[in-house]
Amino acid sequence: MLPKKVVIIGGGPAALTAAIYLRRGGASATILEKEALGGQIADCPKVDNYPACPSISGLELADKMANQAMELGAEIELDEALSLQKEGGLFSVKGNYGTYTADAVIIANGAKHAHLGVPGEDRLSGRGVSYCAVCDGAFFKNQETVVIGDGNSALQYAILLSSLCKKVTVLTLFDRFFGEESLAKTLSSLQNVEVIHNASTTEFLGENKLEKVLYLDKVGSETKEAPCQGAFIAIGQKPDNDRFRPLVELDKGYIVTDETMATLTPGLYAAGDTRVKKIRQVVTADSDGAIAALSALSYLKNQS
Ligand SMILES: Cc1cc2nc3c(=O)[nH]c(=O)nc-3n(C[C@H](O)[C@H](O)[C@H](O)COP(=O)(O)OP(=O)(O)OC[C@H]3O[C@@H](n4cnc5c(N)ncnc54)[C@H](O)[C@@H]3O)c2cc1C
């Protein structure tokens, strides 16, 4: 009998872990990834909280997971899942380059960078405005940069950029950081970093390239400017799940699952940052991926 087919939407930690468990459980695993394997963690300069891999770069961690999944026989399709349907017990995932059928599906599409939605942001995106310091930080060597955000990503971005740039200005919306204390402490020890709290970013300015960021000083109610060549926006993530309706129930855009990662459609699971949960980290995405795969294997066994 041919192995049961499982399609995994996304290629981040949750998906790669699910693929490892599926292959070891005897099912086929096809990963649909629209950009590059590894997901968000590939943007992280240094991961300090993944067990057994202290101080590993996010990219290296992602590579290790991807290699393990591929060595076990996971198939990779570089394609975006555009829609999902279930008919007669079989799923079909429509992509840009083909339609993929499956006996079970795991949605592990994570979340994407949230945008500020202020003037100049879209126009100057790729011309100084960026959402990934790991990817684009090196373009601003010895230049001035601004980081916008107050969580772990913003802290990590600012620490990374301080080692490359002449000056890094961090704009936070409130009067403090909300990320890990150890990261905030490291940041405060860096000489070329200026932190400006209570700063609401209002506009990105520049003819063809970014020249400055305008922000409202919420204390003085005054608009000020931070001259810079690069600006990194790290204000969190946003799910992208409308395309999977009505097969899933959404809560603020995130997929609702039970503790087996089951959605409201039998045979359809969700894992990682895409689902309703409190803690979004690599280890929790891995955990979800493993549970989703084992649940899918049990579902497939009961179907045959
Ligand atoms: C800058 C940064 C630093 C971080 N640092 C840490 C850290 O130090 N430690 C830690 O534990 N966690 C960290 N995180 C969080 C961690 O990266 C995430 O919790 C984790 O990557 C979630 O994994 P995931 O597989 O659920 O989703 P993601 O990593 O978001 O992966 C989802 C993948 O799905 C793909 N995709 C999306 N939609 C589709 C579609 N329709 N079709 C096909 N493919 C699709 C995306 O391209 C992406 O590759 C950090 C995150 C960021 C952004």
Side-chain angles (χ1 to χ4, degrees), residues 7-19 30-51 53-62 65-66 69 76-84 93-98 100 105-114 130-137 147 149 151-161 179-180 182-183 232-244 254-255 257 261 269-292:
V7 163
I8 306 168
I9 298 172
L16 294 167
T17 308
T30 302
I31 288 176
L32 299 189
E33 168 54 57
K34 67 173 180 173
E35 285 167 12
L37 289 178
Q40 295 166 58
I41 201 60
D43 293 356
C44 178
K46 194 150 71 94
V47 183
D48 273 325
N49 53 10
Y50 195 78
C53 301
S55 292
I56 190 168
S57 83
L59 197 57
E60 196 185 344
L61 183 60
M65 288 186 196
I76 316 290
E77 295 284 350
L78 284 180
D79 202 352
E80 173 173 2
L82 302 173
S83 65
L84 175 64
V93 186
K94 198 166 176 304
N96 279 315
Y97 307 113
Y100 308 85
V105 170
I106 297 173
I107 302 173
N109 59 338
K112 57 184 189 180
H113 302 290
S130 166
Y131 299 85
C132 176
V134 180
C135 325
D136 301 334
V147 173
N152 281 336
S153 297
L155 288 162
Q156 284 170 326
Y157 280 7
I159 293 166
L160 170 76
L161 291 167
E180 280 172 36
S182 60
L183 291 173
F232 293 86
I233 301 169
I235 55 163
Q237 314 293 321
K238 201 169 94 180
D240 185 13
N241 289 319
D242 280 346
R243 66 189 73 194
F244 304 122
Y254 292 96
I255 299 174
T257 67
M261 305 301 139
Y269 303 87
D273 282 13
T274 193
R275 73 180 193 95
V276 175
K277 63 196 281 194
K278 282 214 173 115
I279 311 292
R280 293 191 170 86
Q281 288 281 285
V282 177
V283 281
T284 64
D286 287 345
S287 165
D288 287 1
I291 295 168

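Note that ligands are numbered from 1 as they come in the structure, with each ligand's atoms numbered from 1 the same way.
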**Q.** For atom 3 (C) of ligand 1, the option (of Gln156, Glu180, His113) bearing the nearest heavy atom
**A.** Gln156
Q | Ala14 N/O under 3.5 Å from ligand 1 N/O | A | yes
Q: Say whether, by atom type as modelled, one donor and one acceptor occur between the side chain of Tyr157 and the main chain of Tyr131 under 3.5 angstrom.
A: yes
Q.
Apply side chain to side chain donor-acceptor pair (under 3.5 Å) to residues Asn241 and Asn109 and explain how you reach the verdict.
A. CA-CA 8 Å; Asn241 289 319; Asn109 59 338; 3.0 Å; yes
Q.
Can you tell me how far apart CG (Asp136) and CG (Leu161) are? Round to the nearest 0.5 Å.
A. 10.0 Å
Q) Does ligand 1 have a heavy atom under 4.0 Å from the side chain of Ala133, from its backbone, from both, or from neither? A) neither
Q) Has Tyr50 got any heavy atom lying under 4.0 angstrom from an atom of ligand 1? A) no
Q) Quick one: which of Ala36, Cys44, Ala15, Ala81 has a heavy atom closest to atom 40 (C) of ligand 1? A) Ala81
Q. Nearest protein heavy-atom contact for atom 44 (N) of ligand 1: which residue, which atom, what distance?
A. Lys34 N, 3.2 Å
Q: Go through ligand 1 atom by atom and flag the ones less than 4.0 Å from a non-hydrogen atom of Gly11.
A: 33 (C), 34 (O)
Q) Rounded to the nearest 0.5 Å, how far apart are CE of Met65 and CG of Leu37? A) 12.0 Å
(Q) Please determine whether a side-chain nitrogen of the Lys or Arg among Glu80 and Arg243 lies less than 4.0 Å from a carboxylate oxygen of the Asp or Glu. (A) yes
Q. Quick one: nearest non-hydrogen protein atom to atom 6 (C) of ligand 1, plus distance?
A. Ile41 CD1, 3.5 Å
Q: Could you say whether the N/O atoms of Val282 and ligand 1 ever approach to under 3.5 Å?
A: yes
(Q) Starting from atom 26 (O) of ligand 1, what is the nearest protein heavy atom, named by residue and atom, and what distance separates them? (A) Asp273 N, 2.8 Å
Q) Which residue owns the protein heavy atom closest to atom 34 (O) of ligand 1, what's the atom, and how far is it? A) Gly10 CA, 3.2 Å
Q | Atom pair CG (Leu32) and CD1 (Ile9), whose distance is rounded to the nearest 0.5 Å | A | 6.0 Å
Q) Hey, is ligand 1 close enough to Thr274 that some N/O pair sits below 3.5 Å? A) no
Q: Indicate the atoms forming the closest heavy-atom contact of Thr274 with Ala108, along with that distance.
A: CG2-CA, 4.5 Å
Q) Any N or O on Ser153 sitting closer than 3.5 Å to an N or O of ligand 1? A) no
Q. Do the side chain of Asp288 and the main chain of Ala271 share a donor and acceptor less than 3.5 angstrom apart?
A. no
Q. Between Ile8 and Ala15, which heavy-atom pair has the shortest distance, and what is it?
A. CG2-CB, 3.5 Å
Q.
Quick check on Asp48 - does any of its heavy atoms sit under 4.0 Å from an atom of ligand 1?
A. no
**Q.** Gly12 neighbourhood, listing ligand 1 atoms whose heavy-atom distance to it stays under 4.0 Å
**A.** 25 (O), 31 (O), 33 (C)
Q. Under a 4.0 Å heavy-atom limit, does Cys132 contact ligand 1 with its side chain, its backbone, both, or neither?
A. neither
(Q) With the threshold set at under 4.0 angstrom, would you say Ala234 reaches ligand 1 through any of its heavy atoms? (A) no
(Q) Contact between ligand 1 and Arg243 is defined here as a heavy atom of the residue under 4.0 Å from a ligand atom; is it met? (A) yes
Q: Could I get the full list of salt bridge (charged side-chain N to carboxylate O under 4.0 Å, His left out) partners for Lys46, not counting sequence neighbours?
A: Asp48
**Q.** N or O pair under 3.5 Å between Gln40 and ligand 1
**A.** yes
**Q.** For Ala285, atoms of ligand 1 separated by under 4.0 Å from a heavy atom
**A.** 22 (C), 23 (O), 26 (O)
Q. Just by modelled atom types, is the Ile279 backbone N or O under 3.5 Å from a matching donor or acceptor in the Thr284 side chain?
A. yes
Q.
Please list, in number order, the atoms of ligand 1 under 4.0 Å from a heavy atom of Ala111.
A. 30 (O)
Q. If you measure from each heavy atom of Asn152 to ligand 1, is any distance below 4.0 Å?
A. no
(Q) Could you identify the single nearest non-hydrogen protein atom to atom 48 (C) of ligand 1 and state the distance to 0.1 Å? (A) Glu33 OE1, 3.4 Å
**Q.** Under 4.0 Å to a heavy atom of Asp79 - the qualifying atoms of ligand 1, by number
**A.** 43 (C)
Q) After noting the C-alpha distance and the side-chain angles of Asp273 and Gln237, does the key distance pass the side chain to side chain donor-acceptor pair (under 3.5 Å) rule? A) CA-CA 9 Å; Asp273 282 13; Gln237 314 293 321; over 6 Å; no
Q) When you look at NZ of Lys94, are more than 12 heavy atoms from neighbouring residues, nucleotides or ligands closer to it than 6.0 Å? A) no
Q. In Å and rounded to the nearest 0.5 Å, what is the CD1 to OH distance from Ile41 to Tyr50?
A. 10.0 Å
Q) How close does the nearest protein non-hydrogen atom get to atom 15 (C) of ligand 1, and which residue and atom is it? A) Arg280 O, 4.0 Å
(Q) Using a plain distance cutoff, I'd like to know if Gln281 has any nitrogen or oxygen under 3.5 Å from a nitrogen or oxygen of ligand 1. (A) yes
**Q.** Numbered atoms of ligand 1 (with element) below 4.0 Å of Leu32, judged on heavy atoms
**A.** 43 (C), 44 (N)
Q. Would a distance-only check, ignoring hydrogens and angles, find a side-chain to backbone donor-acceptor pair under 3.5 Å from Arg280 to Arg275?
A. yes
Q. Can you list the ligand 1 atoms lying under 4.0 Å from a non-hydrogen atom of Gly272?
A. 26 (O)
Q | Results of side chain to side chain contact (heavy atoms under 4.5 Å, CB included) for Ser287 - residues two or more places apart only | A | Ile291
Q: Please write down residue, atom name and distance for the protein heavy atom closest to atom 9 (N) of ligand 1.
A: Asn49 OD1, 2.9 Å
(Q) Quick one: does any side-chain atom of Asp79 pair with a main-chain N or O of Tyr97 as donor and acceptor, under 3.5 Å? (A) yes
(Q) Could you identify the single nearest non-hydrogen protein atom to atom 38 (N) of ligand 1 and state the distance to 0.1 Å? (A) Asn109 CB, 3.4 Å
Q. Who's closest to atom 24 (P) of ligand 1 heavy-atom-wise, of Gly39, Pro13, Pro239, Gly58?
A. Pro13
(Q) Once rounded to the nearest 0.5 Å, what's the spacing between atom CG of Leu84 and atom CZ of Phe244? (A) 6.5 Å
Q) Looking at CG of Asn152 and CD1 of Ile159, how far apart are the two atoms once the value is rounded to the nearest 0.5 Å? A) 9.5 Å
Q.
Which option wins on minimum heavy-atom distance to atom 1 (C) of ligand 1: Phe232, Tyr157, Phe244?
A. Tyr157
Q | Ligand-residue contact atoms, ligand 1 with Gln237, heavy atoms, under 4.0 Å | A | 53 (C)
